[in-house]
Structure formats: structure tokens, C-alpha cells
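Note on naming: letters A, B, ... go to the chains in the order of the sequence lines (proteins, then strands), and numbering restarts at 1 for each one. All values reported here derive from a predicted model rather than from experimental measurement.
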There are 2 protein chains.
Amino acid sequence: MVGRVIRYLDIADELAAELVGLPPGTRVAGEHDITRRFDVGRAAARAALQELERRLLVRRVQGAGTFVNRRIDYVISQDRRPSWHETVSAAGARPRSVVRGVDVVGLPDDIAARLQLPAGTPAHRLQRVSYIDDLLASCSHEWVPVATVPELGAAMHAAESLDLVLRQVARVEPVRAWTRVSLDVPPPDVLAGLELEASVPVWLVESMSRDGAAGAPVMCSSGWMRADALRVVVELGSSSAT
Amino acid sequence: MVGRVIRYLDIADELAAELVGLPPGTRVAGEHDITRRFDVGRAAARAALQELERRLLVRRVQGAGTFVNRRIDYVISQDRRPSWHETVSAAGARPRSVVRGVDVVGLPDDIAARLQLPAGTPAHRLQRVSYIDDLLASCSHEWVPVATVPELGAAMHAAESLDLVLRQVARVEPVRAWTRVSLDVPPPDVLAGLELEASVPVWLVESMSRDGAAGAPVMCSSGWMRADALRVVVELGSSSAT
DNA sequence: GAGTGGTCTAGACCACTAC
DNA sequence: TAGTGGTCTAGACCACTCC
């Protein structure tokens, strides 16, 4: 079983073994290097690197090179209140969030249903993107009924965390009431929002938060997160065992 | 913006538009067809089909052809008791499960911790694979302490559902106590178990069930499910809104 | 400008499936 | 056996990033 007939898988395995332990962002051998080192054509060299990319071991950037990938665990559970900054910092990377836009719109049907409000109810719509180091890894829409906070735009441009703004400005305590997580190949507009050209799988996280344990719905969000950069882990039930 | 420079993406878009509404399993144009129809080389034709495969729109089988893919929603939530047969049948496909082996082993550390039992406690280990039509889509290990059911092998070979066997033979009522869901590119042995050669993303679902609402742990499982065949959806919290 | 990865051609041989 | 997709070579041009 040692002699496999598929050249690029052998090359990929050999390279993969050399990658373990290297810090994320480290530059690895390029297609040309592999061509010379293993005496293969460019197709085989390329296939080997693409295999490593499929394994989420490396990230390839046109014009720049191939680098060791970092994949961060993003844990979602009932008790935990997830924070982009905490999660990303804890993994040793630099988090960043940018507000792309805040406006007031009438709630569309699906979002209104989630917030248990009539469609058309005025709400702030917050568009944000989040980064891991300098990689755009997440983009999300968040809705907050105007009734909850009359003013959101100014506060959000100053603060990083919507959760914090809601607590301090609106005096509410958002608690995760409902969350749905899945994975899809997103439509072109979402891919564009994540600055992705290729079709790749992306997490879809939808949620709704209430004030306190069972109060009024105060917030609702839909976010897409790159699956190659984040490993979403969803936990149901008591986390008594490991 | 109409004239894109990347040929294979145009071809993929055009083919994708022609796929909508076709029943799963329908044969679609092969690489050779595309080569002739769009007057491109095989590399471009191949790239187009691979793009459709990345979008999970088609499934390619060496030697056989390219076919419209079927992706089934598999919903996991606290209240729901998921059943392979129910889920797959509801999607209009033919479910099948095969017991690959039943034996009694001492619980390994990680599984023992999940079941809150001492490591080495004797338990039945059940290895199963499940199919959607004739596609091997899931493989799983399930552990049941011998104390819960002295005999499992005979019963499982006759019945499809472990849940049913536990209810009828062991007189327990398994309730989902803890579940963790994520997505990974699995190690080679799991890929082999799913009869996959390429490295593809696969769901990992781990769970533990108790007897009744808060009784003794009765079952614990780890399963891998092909992400191209199943869209796992995890729901946390009350499913009050759509 | 040098070097990277992305696209593409025109071939070739092979593994596999279906008939 | 015919036809499919999988691997691979040896080229080519291009888009992009970095210096």
C-alpha cells in the first residue's frame, strides 16, 4: 500500500507532514518549488496544493503565495454569549469589526416573524463585517427594533460590540433565545460580501435574543462565516461532560 | 459586468440555470459534451463541472458520469428525536442502515467521560453505516453500557433502529441529553469508512442520551455524515418562530 | 519587475462503470 | 467495449501582490 499511483496525493501527504506545528501565516512551498522538488509538471504540483487547501491546512492567495491556514473554533451554546473579539483573541489572532452601514428599515417578513413583530415594524439594520487578522471572515446583518433603541448609529460607530451598546444604551440584557446554525454554499451576493470569488461552504448562523430570560425580543441577526477560517461548534444540552 | 473573463464560471452559471428543477439523479452533460458545446478545452469543461460540484449541485462518479445532487436537511434540536429513516424518507429518498459490527469493549477514556462512567466499563460498541438511496452517507459508532442491555447483537441485526431496541428490549426511554455538532475534514480512516478518496468536509455529530429526562446515561454516539449529501441544521432554544 | 497563483489549450494514459 | 471522470505533461497567457 506504500506505492500509491496518484502522485499529487503522495506529495500532499509529504507536505502535510511538514506543516504540522508551523505557526499560521507561515509561507509554504509554491507550485514552482514543488515542480522542481518532486520533478512533476505544474498540474500535479498545483493539485497537491489544492489538496492541502481542501484539507484546510493552507490558504492560497493569488499573487502572494501559499500560507499555513488558521482555523478558529467558534463555540455556540445556550449559556455562552459569543463574542467575536473574545473568540478570535483567545485563538491568538487579531479581531476586528467594521460597521458597513446602519439604517432604519421596515422589517421584512422573515425577520419580523423571528422577532415576533408585525412585518414593516421600523428597526435598525446594522451591516457588519469581521476580520481575523486581515482576513474578512464574517459578514452579518443585525436588526434591532427602533422601539428598543431610538438611536443606534452613533453608538455603534464608537463601540465594537452591539451587545454592549444594547446593555449600556438601551438598558436591556440580551439573552440568546433561539439560534439556528447550518452550512451552505451561499448565493453570489453573499460571496461578494465576503470577497470570495470561488464557491466555498460558509456557515449560516441565525439568531434571536430576548431581554432577560423571557422578555421582549430585542435583537435578531443573520451572519455568514467562512468555514475555512472558522469551525463552528454547536452544543446542545448541559455541558457536563467534555 | 456581463462579459466575465473566466470562461468556466460562465459555463457553470449557464449549466446551473439549466439544472434547477431537475430531479436528483438526473444525468447532466459530461466533460466531452461541454467541450463540444462551448468549444473549449477539456480543462475548462472540467473546471465548470467541478464548480457545480463545489456548489453541491451535482455529484460526479468516475466511470459513470455527472448527476444532479440531492442534499437532505437533517435537523437536530432538543425536542426532536432524529431518525435516519424518517429524515431520508421525508426527503423522497430511500434510507438504509447496515450494522457493520457489534462487539463488547471496555469504554475508552473520552467515551467513558461522556457517559459519566469509569473508563473500561464494558459496553456494546455498534458500528453502523447509513445510505441515501445507494450512496453511503453516514458512518457511526454507538456505545451502550452492557448494564443497560445485556444482549444487543441479535436484536440489532433484526431491527433498524437502536432507539427502538433500547425502548423495547431494555425498557428505557432515551432522551437527547448532550449533543455537539461540527464540521471537519476527517482523518483518512474515516474517509475510508465513508468510501471517500478525496478530502471533503464531513459533519461530526457526537451525542449522549439519558433514560427519561434525567436518568442514567444509556447511549452515546459519534457519527460522520457527508456534507455534500446532508445539510445538518442545529436549532438551539424554543422553536417558536420559523 | 519578479514571482505568485488562476485560467486554458492540446494532447496523453489510466481507472472505473455500464452494457 | 465504449464512455466516463481522474491524473498528468508541457506548454501559454493573465491577474494579482509585493517590493
Side-chain angles (χ1 to χ4, degrees), chain A residues 1 3-15 25-54 57-69 133-136 191-192 195-200 228, chain B residues 1 3-15 25-54 57-69 133-136 191-192 195-200 228:
Chain A
M1 282 301 286
R4 185 159 33 180
V5 232
I6 302 173
R7 201 86 166 74
Y8 81 86
L9 287 179
D10 287 329
I11 298 174
D13 286 342
E14 190 164 335
L15 294 175
T26 306
R27 188 198 200 82
V28 307
E31 299 182 355
H32 200 62
D33 303 311
I34 295 172
T35 285
R36 281 185 275 103
R37 172 171 164 192
F38 294 93
D39 191 32
V40 292
R42 203 186 150 199
R46 182 174 176 69
L49 286 178
Q50 284 177 327
E51 169 69 15
L52 295 183
E53 193 175 28
R54 276 193 297 271
L57 296 178
V58 302
R59 194 158 54 84
R60 317 190 69 201
V61 183
Q62 178 173 171
T66 301
F67 309 89
V68 174
N69 185 43
D133 291 331
D134 287 313
L135 176 71
L136 202 174
L191 283 174
E195 292 171 10
L196 291 167
E197 318 81 29
S199 291
V200 292
D228 58 345
Chain B
M1 280 305 284
R4 183 160 34 180
V5 230
I6 301 172
R7 202 85 165 74
Y8 81 86
L9 287 179
D10 287 330
I11 298 173
D13 286 342
E14 191 163 335
L15 294 175
T26 307
R27 189 198 199 84
V28 307
E31 300 182 356
H32 200 62
D33 303 312
I34 295 173
T35 285
R36 281 186 275 104
R37 172 172 164 190
F38 294 93
D39 191 32
V40 292
R42 204 187 149 197
R46 182 174 176 70
L49 286 179
Q50 284 176 328
E51 168 69 15
L52 295 183
E53 193 175 30
R54 276 194 298 271
L57 296 179
V58 304
R59 196 157 54 83
R60 317 190 69 201
V61 182
Q62 179 173 173
T66 301
F67 308 90
V68 174
N69 185 42
D133 290 333
D134 287 313
L135 177 71
L136 204 175
L191 283 174
E195 292 171 10
L196 291 167
E197 316 78 29
S199 291
V200 291
D228 57 345

Using atom types as modelled and distance alone, determine if a side-chain donor or acceptor of Arg27(B) lies under 3.5 Å from a backbone N or O of Ala64(B). yes
Please report the distance, rounded to the nearest Å, between CZ in Phe67(A) and P in dG5(C). 8 Å
I want to verify a distance call: between dG5(D), dT17(C), dC8(C), whose nearest atom is closest to the Arg60(B) side chain? dG5(D)
Whole angstrom is fine here: how far is it from CZ in Phe38(A) over to C1' in dT9(D)? 18 Å
Could a donor-acceptor pair under 3.5 angstrom be found where the side chain of Arg42(B) meets the base of dG6(D)? yes
Please give, in whole Å, the distance from dC8(D) P to Arg46(A) CZ? 14 Å
Taking CG from Leu196(A) and C1' from dG6(C), how many angstroms apart are they, rounded to a whole number? 15 Å
Tell me whether the count of non-hydrogen atoms from other residues, nucleotides or ligands lying under 6.0 Å of CZ in Arg60(B) goes above 12. yes
For a quick test of reading the model, state the closest non-hydrogen atom pair linking Ala48(B) to Tyr8(B) and the distance between them. CB-O, 3.6 Å
What is the nucleic acid contact for Ala44(B), judged by heavy atoms within less than 4.0 Å: base, sugar-phosphate only, or nothing? sugar-phosphate
Should the side chain of Arg59(A) and the base of dT4(C) be counted as holding a donor-acceptor pair, with the cut-off at 3.5 Å? no
From CZ of Arg27(A) over to C1' of dG5(C), roughly how many Å is that when rounded to an integer? 11 Å
Judged by each residue's nearest nucleotide on DNA chain D, which is more toward the 5′ side, Ala29(B) or Asp39(A)? Ala29(B)
Tell me: CD of Glu197(B) to C1' of dG5(D), nearest whole Å? 12 Å
From the set dG5(C), dC8(C), dC8(D), return the single nucleotide nearest to any side-chain atom of Arg7(A). dC8(D)
Whole-Å gap separating C1' (dG5(D)) and NE2 (His32(B)): 13 Å
Minimum heavy-atom distance Thr35(A)-Ala45(A), with the two atoms named: OG1-CB, 3.7 Å
Closest approach to the side chain of Thr66(A), judged atom by atom: which nucleotide of dG5(C), dG5(D), dC8(D) is it? dG5(C)
What heavy-atom pair brings Val28(B) and Phe67(B) nearest, and what distance separates the two atoms? CG2-N, 4.3 Å
Which whole-number value in Å describes the distance from Tyr8(A) OH to dA15(C) C1'? 13 Å
For DNA chain D, whose closest nucleotide is more 5', that of Gly41(A) or that of Gln50(B)? Gln50(B)
Selected nucleotide, minimal atom distance to Ala64(B) side chain, candidates dT9(C), dA18(C), dG6(D): dA18(C)
